[in-house]
*Asks:* 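Take a look at this one; I'll ask things after.
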Amino acid sequence: MEGVDYLADERKKAEFDVNEMKIVWAGSRHNFELSDRISKLVANDPGFSKEGRTMLPRKELFKNTLRKATYAWKRIIELRLSEEEAAKLRHFVDEPAFTDLHWGMFIPAIKGQGTDEQQKKWLPLAYKMQIIGCYAQTELGHGSNVQGLETTATFDPQTDEFVIHSPTLTSSKWWPGGLGKVSTHAVVYARLITNGKDYGINGFIVQLRSLEDHKPLPGVTVGDIGLKFGNGAYNTMDNGVLRFDHVRIPRDQMLMRVSQVTREGKYVQSDVPRQLLYGTMVYVRQTIVSDASNALSRAVCIATRYSAVRRQFGSQNGGQEIQVIDYKTQQNRLFPLLASAYAFRFVGEWLKWLYTDVTQRLQANDFSTLPEAHACTAGLKSLTTTATADGIEECRKLCGGHGYLCSSGLPELFAVYVPACTYEGDNTVLLLQVARFLMKTVSQLGSGKKPVGTIAYMGRIEHLMQCRSDVKQAKDWLKPSAVVEAFEARAARMSVACAQNLSKFDNPEEGFAELAADLAEAAVAHCQLIVVSKFIEKLQQDIPGEGVKQQLEVLCGIYYLFLLHKHQGDFLGTGYITSKQASLANDQLRALYSQLRPNAISLVDAFNYTDHFLDSILGRYDGNVYPKLYEAAWKDPLNQSDIADGFHEYIRPLLKQQLRTARL
Ligand SMILES: CC/C=C\C/C=C\C/C=C\C/C=C\C/C=C\C/C=C\C=C\C(=O)SCCNC(=O)CCNC(=O)[C@H](O)C(C)(C)COP(=O)(O)OP(=O)(O)OC[C@H]1O[C@@H](n2cnc3c(N)ncnc32)[C@H](O)[C@@H]1OP(=O)(O)O
Ligand SMILES: Cc1cc2nc3c(=O)[nH]c(=O)nc-3n(C[C@H](O)[C@H](O)[C@H](O)COP(=O)(O)OP(=O)(O)OC[C@H]3O[C@@H](n4cnc5c(N)ncnc54)[C@H](O)[C@@H]3O)c2cc1C
C-alpha cells in the first residue's frame, strides 16, 4: 500500500533527536541544508532519473551519461549554482562521468602545479568547460611506480617546444577517466628531458582533440580501454588509452610551479619539494576518505532498513516471525559497519582540516607537515576504502538473496566503489608508504626530534612499551583513556617490533621488502588509532540535541571494541591486554549492540538520503519492500513477452525432440 510507513514503529523507538543528528552527520547546519536542498532538487528532476540504468548496453549507457552530465551543467548554469552547490549536484546525480575527473583532478592539478600565469590562462577555460580535461598519469606498464613512467617530454630549443612521445607500448597512457571519448585536454605526466638529461616526472598540459570537430589531433591516438566490472556501474566512464607520436606543445604548457625549463633549455628546480608533483593525489585521497563514509552509509542504510523489514523464524502462536535485525549475529555484522560509517565521517572531516592546514602552510613555504599529510591521506585512504568495499559486500550478504538483485542497489554500489581500493594508489602500496613514515619516526626517536601530530604518541614510547591495561570490568572499556592507550600501545609496539627486525638486515631496502607484510599491519594499527582518536575527540566537543551525544558514544564504543575484538591477536600478542580483558571487551560490545538496536533505523535516517539517491528497493524509506520487488521484476526486458525470444529457435526443437523420444 502506498503512503504507509512500514518502519514507523521502528522510528518511534528512537531515543535521540534525529534532526540534530542529521546536522552532526552533515558536519554543520549549512552543509545539512545544502545537501537536503540539492538532493531533493535532483530527486525531483526527471532528467536525472536512474530508471533502467543497469539494463543499458554500453554505448547507450555512455550516451545517457553524457546527456545527464551535460544536463547537470545546464542546470548549474540556469540556477546559478555556486561551486559548492554544483559539486553537491554532481554528487547526488550519482553517476560517474568525465566531469568527475575534469573538476576533481584536471583543475586541481593545474591549481597545484601551475604557476600563477598558467592558472590565469587555463583555469577560466576549464571553469567554463570550454575545454574538458583529464589526469593522464598511469600507463599500461606502470601505475604504482610513478617514477617508472616512460612517456617522454623532450625539450626542443630550436622551436621552444616540448615533444611528447610514447616510446613503447607499455608507455601508452591507460586508465585515465574521461580520456577515452570526451577530454579535449589532459595533464600528462612524462619524463622531462632537456639537453640530453632525464629530470624525472613532470606534468604537461596537452591538447588531445580538436575543439572544432573533436577529432584526435595529429600524432594523438586515443580511445576507450573497454568494458569494466559490473552492470552499468563504472562503465559510464570512458577510461582511456592514449599514445603520442612526437606531439609538439609550447614550452609554457609544462606545469612550472615545482620546476622550470628556461628558453635556453636549462632545468631549474624551485625551492618547493619535488613531492608537490604528487599533490593532486594527496588532495584526491583526502576526498576519497570523505567519500568512503558516503558509500558505506548508503550500503548500511539499505541493509539496516531491510533487516528491520525482513522476518525469519521464531513465530510464536501464529504471530509474526523475528525481524532479522534482532539476531545477534546480524547485529555483530551490521552494527560495526554502521559505527564505521560514522567513524569515517568524522575522520574525513578532520582530514579535510589537516589538508587545508598543510595547503596554507605550503603557500607560506612551510613544508614541515607534508610528510605527515602524505602518510595520513595515504593510510586513511587505504584503511577506509578497504573497509568500505568489504562493508558494502557484507551489506549485500546481510540482505540475503534479495541483496543479489540489482534492484537492491548493492551490486552496482559495490561495482562502482571497489576500484577505490586501487585508484589513487593501490591500498597495499599506500600502507607501505605509511610504514616508511613510521620506521623513519621510530629511527629518529633518540635524536631529540619530538614527534608531533598523529605520531605524537611515539614521544611516549618508553611508557607505551611497558604499560598494561587496567581494565577490570566490562564497563571500564568505555573509558576513553583506557581505549586510546590500548590502541597507542598496540601501534607503537608493532612499529617498534618491525624496526627491531629491520635492524637485523644489512641492507635496509632488502629488510623492508622481506618484512613488508608485518610493516603493512603496523601501518593499519597506526591508521586505526587515528580513526579511533578522532572519533573520541569528536565526542569531547559540544554536541547539541537530545540523546545525540549518547548515541555517538555507543557508536564509538562499537567501532573500537569491534576492532579490538577483530585484532585481539595484536593486543594480546603485544602483551597490552590479558585474555580476560579481551573477553570483557566482547561483553561490553554485546551490551552496546543492545543499546543501539532501538535506534538503528533512526541512525540511518540521519544520513538523510532520498530514495532517488539510495536507488534501492530494499532500502526504501517506507520499508514497502515486497510489492515493489514484485513490481520491479515485471519491468525486466525478459518479461516483455510470455514467450522468450529464442524459444522457437532453441527450446521448441528441444521439447519436440523429447516428445519424439517419449513416443518411441
Ligand atoms: C551506484 C553509485 C554510482 C555512482 C557514484 C558516483 C560518483 C563517485 C563519486 C566520487 C568518488 C570519489 C572519488 C573518485 C575519484 C577518483 C577516481 C578516479 C580517478 C582516479 C585517478 C587515479 O588513480 S590517478 C593515478 C593515481 N596514481 C597513484 O596513486 C600512484 C601511486 N603511487 C605513488 O603515489 C608513488 O609512486 C609512491 C608514493 C607509491 C612512491 O613514490 P616514489 O617517488 O617512487 O617514492 P618514494 O621513494 O617511496 O618516495 C619519495 C619521497 O616522497 C614522499 N612521497 C611520496 N608520495 C608523496 C605524496 N603524495 N606527497 C608527499 N610526499 C610524498 C615519500 O614519503 C618519500 O619521502 P621521504 O621523506 O621518505 O624521502
Ligand atoms: C576505475 C579506475 C580509474 C582510474 N582512473 C585513473 C585516472 O583518471 N588517471 C590515472 O592516471 N590513473 C587512473 N587509474 C589508474 C590507477 O591509479 C592505478 O591502477 C593504481 O595506481 C594502481 O596501479 P597499478 O594498476 O599499476 O597496480 P600495480 O602496482 O601493478 O599493482 C598490482 C599488485 O601489485 C602489488 N604491488 C605493486 N607494487 C608493490 C610494492 N612496491 N610492494 C608490494 N606490492 C606491490 C599491489 O599491491 C597489487 O596487488 C584508474 C584505475 C582504476 C581502476
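For ligands, and for the atoms within them, numbers begin at 1 and follow the listed sequence. Please read all numbers here as calculations on a predicted model, not as lab measurements.
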*Asks:* G425 versus ligand 1: do any nitrogen or oxygen atoms come within less than 3.5 Å of each other?
*Replies:*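 Between G425 and ligand 1 (N or O atoms, distance only) the closest approach is under 3.5 Å.
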
*Asks:* What protein heavy atom is closest to atom 5 (N) of ligand 2, reported as residue, atom name and distance in Å?
*Replies:*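 For atom 5 (N) of ligand 2, the nearest protein heavy atom is W175 O, 3.6 Å.
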
*Asks:* Which residue from M281, R90, H374, Q275 reaches closest to atom 55 (C) of ligand 1 through any of its heavy atoms?
*Replies:*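 The nearest heavy atom belongs to H374.
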
*Asks:* Give the atom numbers and elements of ligand 1 that come within less than 4.0 Å of a heavy atom of R53.
*Replies:*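 Answer, ordered by atom number: 1 (C).
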
*Asks:* Between H374 and Q275, is any side-chain donor less than 3.5 angstrom from a side-chain acceptor?
*Replies:*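 Note: H374 and Q275 side chains miss the donor-acceptor criterion.
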
*Asks:* Return a yes/no value: protein heavy atom under 4.0 Å from atom 32 (C) of ligand 2?
*Replies:*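 It does not: no protein heavy atom is found less than 4.0 Å away from atom 32 (C) of ligand 2.
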
*Asks:* Can you find a protein heavy atom under 4.0 Å from atom 25 (O) of ligand 2?
*Replies:*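 When distances to the protein are checked, atom 25 (O) of ligand 2 has no heavy atom within 4.0 Å.
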
*Asks:* Considering only heavy atoms of V429, which atoms of ligand 1 have at least one such atom less than 4.0 Å away?
*Replies:*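 In order of number, 39 (C).
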
*Asks:* Ignoring hydrogens and geometry beyond distance, is a side-chain donor-acceptor pair present between S82 and E85 at under 3.5 Å?
*Replies:*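 E85 and S82 do have a side-chain donor-acceptor pair below 3.5 Å.
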
*Asks:* Can you give me the closest heavy-atom contact between P108 and G104, atom names plus distance?
*Replies:*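 What the structure gives for the nearest pair is CG-O, 3.2 Å.
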
*Asks:* With a 3.5 Å cut-off and no angle check, do the side chains of Q269 and S259 form a donor-acceptor pair?
*Replies:*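 S259 and Q269 do not have a side-chain donor-acceptor pair below 3.5 Å.
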
*Asks:* So which heavy atom on M281 is nearest to which on Q137, and how close?
*Replies:*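 Closest approach of M281 to Q137: SD-NE2, 3.6 Å.
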
*Asks:* If you measure from each non-hydrogen atom of M237 to ligand 1, which part falls under 4.0 Å: side chain, backbone, both or neither?
*Replies:*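 Neither; no heavy atom under 4.0 Å.
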
*Asks:* Before signing off on this row, confirm whether Y423 and ligand 1 have an N or O atom pair separated by under 3.5 Å.
*Replies:*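 Between Y423 and ligand 1 (N or O atoms, distance only) the closest approach is not under 3.5 Å.
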
*Asks:* Check for me whether the distance between the ring centres of Y199 and Y267 falls short of 6.0 Å.
*Replies:*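 Between Y267 and Y199, which both carry aromatic rings, the centre distance is below 6.0 Å.
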
*Asks:* Please could you name the atoms of ligand 2 that Y135 approaches to less than 4.0 Å, counting only its heavy atoms?
*Replies:*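 The atoms of ligand 2 under 4.0 Å from a heavy atom of Y135 are 7 (C), 8 (O), 9 (N), 10 (C), 11 (O).
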
*Asks:* To the nearest 0.1 Å, how far is atom 36 (O) of ligand 1 from its closest protein heavy atom, and which atom is that?
*Replies:*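 Checking every protein heavy atom, the shortest distance to atom 36 (O) of ligand 1 gives S144 O, 2.9 Å.
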
*Asks:* Between Q137 and ligand 2, does any nitrogen or oxygen pair lie at a separation below 3.5 Å?
*Replies:*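 Yes, at least one N or O pair falls under 3.5 Å.
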
*Asks:* Provide the number and element of each atom of ligand 1 under 4.0 Å from a heavy atom of L101.
*Replies:*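 Per the distance check, 19 (C).
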
*Asks:* Taking atom 12 (N) of ligand 2 as the point of reference, which of L101, T138, L179 owns the nearest heavy atom?
*Replies:*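 The nearest heavy atom belongs to T138.
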
*Asks:* List every atom of ligand 1 that sits less than 4.0 Å from any heavy atom of K440, numbering the atoms from 1 in the order shown and giving each element.
*Replies:*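 Selected atoms, number and element: 68 (P), 69 (O), 70 (O).
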
*Asks:* Is it the case that R305 places NZ or CZ above or below the six-membered ring of Y621, under 6.0 angstrom from the centre and within 45 degrees of the axis?
*Replies:*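 Ring-cation test returns no.
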
*Asks:* Could you tell me which atoms of ligand 1, counted from 1 in the order shown, lie closer than 4.0 angstrom to a heavy atom of M105?
*Replies:*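 So the answer, numbered in order with elements, is 21 (C), 24 (S).
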
*Asks:* Counting only heavy atoms, tell me which of D426, L519, T428 gets closest to atom 49 (O) of ligand 2.
*Replies:*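 Of the listed residues, D426 has the closest heavy atom.
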
*Asks:* Check the side chains of T221 and R243 for a donor-acceptor pair under 3.5 angstrom, ignoring hydrogens and angles.
*Replies:*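 Distance-only check fails for R243 and T221.
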
*Asks:* When only distance counts, is N145 in polar contact with ligand 1, meaning an N/O pair under 3.5 Å?
*Replies:*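 In this structure, N145 places no N or O atom under 3.5 Å from an N or O of ligand 1.
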
*Asks:* Return yes when A516 approaches ligand 2 closer than 4.0 angstrom through a heavy atom, no otherwise.
*Replies:*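 Heavy atoms of A516 never come under 4.0 Å of ligand 2.
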
*Asks:* Measure the distances from the heavy atoms of P96 to every atom of ligand 1 and state whether one is below 4.0 angstrom.
*Replies:*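 Yes, P96 has a heavy atom closer than 4.0 Å to ligand 1.
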
*Asks:* My understanding is that we take every heavy atom of each candidate and find the minimum distance to atom 23 (O) of ligand 2. Doing that for A136, S144, G240, P176, which one comes out nearest?
*Replies:*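 Comparing heavy atoms across A136, S144, G240, P176, the nearest one to atom 23 (O) of ligand 2 lies in S144.
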
*Asks:* Determine whether any protein heavy atom is located less than 4.0 Å from atom 51 (C) of ligand 2.
*Replies:*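 There is a protein heavy atom less than 4.0 Å from atom 51 (C) of ligand 2.
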
*Asks:* Please could you name the atoms of ligand 1 that T138 approaches to less than 4.0 Å, counting only its heavy atoms?
*Replies:*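 Those of ligand 1 that fall under 4.0 Å from T138 are 25 (C).
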
*Asks:* State, without any angle test, whether T138 and Y189 hold a side-chain donor-acceptor pair at a distance under 3.5 Å.
*Replies:*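 Judged by distance alone, the side chains do not pair up.
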
*Asks:* Going by the atom numbers of ligand 1, which of them fall below 4.0 Å from some non-hydrogen atom of Y135?
*Replies:*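 Counting atoms of ligand 1 from 1, those under 4.0 Å from Y135 are 24 (S).
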
*Asks:* Answer whether the closest heavy-atom distance between the side chains of M439 and C498 falls below 4.5 Å.
*Replies:*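 Heavy-atom side-chain distance check passes, below 4.5 Å.
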
*Asks:* Looking at atom 11 (C) of ligand 1, tell me if a protein heavy atom falls under 4.0 Å from it.
*Replies:*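 Neighbour list for atom 11 (C) of ligand 1 includes protein heavy atoms (cut-off 4.0 Å).
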
*Asks:* At less than 4.0 angstrom from any non-hydrogen atom of E424, what atoms of ligand 2 do you find?
*Replies:*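 That gives atoms 17 (O) of ligand 2.
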
*Asks:* Using protein heavy atoms only, decide if any is under 4.0 Å from atom 17 (O) of ligand 2.
*Replies:*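 Protein heavy atoms within 4.0 Å of atom 17 (O) of ligand 2 - there is at least one.
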
*Asks:* If we set the cut-off at 4.0 Å for heavy atoms, which region of Y189 has an atom near ligand 2: side chain, backbone, both, or neither?
*Replies:*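 Neither part.
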
*Asks:* Cation-pi check, R396 to Y404: give yes when NZ or CZ is under 6.0 Å from the six-membered ring centre and within 45° of the ring axis, no otherwise.
*Replies:*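 No.
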
*Asks:* Determine, considering heavy atoms only, which of H142, Q137, E424, M439 sits nearest to atom 24 (S) of ligand 1.
*Replies:*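 It is E424 that holds the nearest heavy atom.
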
*Asks:* Looking only at heavy atoms, is any part of H91 under 4.0 Å from ligand 1, and if so is it the side chain, the backbone, or both, or is it neither?
*Replies:*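 It is neither part, as no heavy atom is under 4.0 Å.
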
*Asks:* Y609 and side chain to side chain contact (heavy atoms under 4.5 Å, CB included): which partner among I302, D615, N294?
*Replies:*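 Running side chain to side chain contact (heavy atoms under 4.5 Å, CB included) over I302, D615, N294 with Y609 returns exactly one hit, N294.
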
*Asks:* Give me the nearest non-hydrogen protein atom to atom 40 (C) of ligand 2 as residue plus atom name, then the distance to 0.1 Å.
*Replies:*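 Looking only at protein heavy atoms, the one closest to atom 40 (C) of ligand 2 is V429 CG2, 4.2 Å.
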
*Asks:* From the options L432, T422, L431, select the one whose nearest heavy atom is closest to atom 22 (C) of ligand 2.
*Replies:*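 Minimum heavy-atom distance to atom 22 (C) of ligand 2 goes to T422.
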
*Asks:* For G104, is the nearest heavy atom under 4.0 Å from an atom of ligand 1?
*Replies:*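 It does not, in that no heavy atom of G104 comes within the 4.0 Å cut-off of ligand 1.
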
*Asks:* Do you see a donor-acceptor pair shorter than 3.5 Å between the side chains of T152 and R191?
*Replies:*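 Result is no, nothing qualifies.
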
*Asks:* Look at ligand 1 and say whether E372 reaches it with a heavy atom at a distance under 4.0 Å.
*Replies:*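 No, that is not the case, since the closest heavy atom of the residue is not under 4.0 Å from the ligand.
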
*Asks:* Looking at Y234, which atoms of ligand 2 are within less than 4.0 Å of one of its heavy atoms?
*Replies:*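 Once the distances to Y234 are compared, the set is 1 (C).
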
*Asks:* Report, as yes or no, whether the 6.0 Å neighbourhood of atom CZ on F505 holds more than 12 heavy atoms from other residues, nucleotides or ligands.
*Replies:*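 It does: F505 CZ has more than 12 such atoms within range.
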
*Asks:* Looking only at the aromatic ring of each residue, does the gap between the centers of F204 and F162 stay below 6.0 angstrom?
*Replies:*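 Yes, the ring centres sit under 6.0 Å apart.
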
*Asks:* Verify salt bridge (charged side-chain N to carboxylate O under 4.0 Å, His left out) between D291 and K381, making sure each step is shown before the conclusion.
*Replies:* CA-CA 10 Å; D291 188 61; K381 182 274 181 184; over 6 Å; no

*Asks:* Could you tell me whether atom 3 (C) of ligand 2 has at least one protein heavy atom nearer than 4.0 Å?
*Replies:*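 Neighbour list for atom 3 (C) of ligand 2 includes protein heavy atoms (cut-off 4.0 Å).
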
*Asks:* Looking only at distances, can you tell me whether any N or O atom of T287, backbone or side chain, sits closer than 3.5 Å to an N or O atom of ligand 1?
*Replies:*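 Between T287 and ligand 1, no N or O pair is found under 3.5 Å apart.
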
*Asks:* Using distance alone, determine whether R436 and ligand 1 share an N or O pair under 3.5 Å.
*Replies:*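 There is no such contact.
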
*Asks:* May I ask which of D291, I288, T385 has a heavy atom nearer to atom 9 (C) of ligand 1 than the others do?
*Replies:*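 Residue with the shortest heavy-atom distance to the ligand atom: D291.
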
*Asks:* Which ligand 1 atoms, with their elements, are less than 4.0 angstrom from a heavy-atom of V146?
*Replies:*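 In order of numbering, the contacting atoms are 30 (C), 32 (N), 33 (C), 35 (C), 36 (O).
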
*Asks:* Taking side-chain hydrogen bond (donor to acceptor under 3.5 Å, both in side chains) as the criterion, tell me which of Q113, K111, R285 meets it with T280.
*Replies:*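 Option passing the side-chain hydrogen bond (donor to acceptor under 3.5 Å, both in side chains) with T280: Q113.
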
*Asks:* Look up atom 47 (O) of ligand 2 and tell me if a protein heavy atom lies less than 4.0 Å from it?
*Replies:*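 It does; a protein heavy atom is within 4.0 Å.
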
*Asks:* Among all the protein's non-hydrogen atoms, which is closest to atom 8 (O) of ligand 2, and how far away is it?
*Replies:*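 Looking only at protein heavy atoms, the one closest to atom 8 (O) of ligand 2 is G177 N, 3.1 Å.
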
*Asks:* Which bit of K228 is near ligand 2, meaning a heavy atom under 4.0 Å away: side chain, backbone, both or neither?
*Replies:*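 Answer for K228: neither.
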
*Asks:* Can you report which non-hydrogen protein atom sits closest to atom 18 (C) of ligand 1, along with the distance?
*Replies:*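 So the nearest neighbour among protein heavy atoms is Y234 OH, 3.6 Å.
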
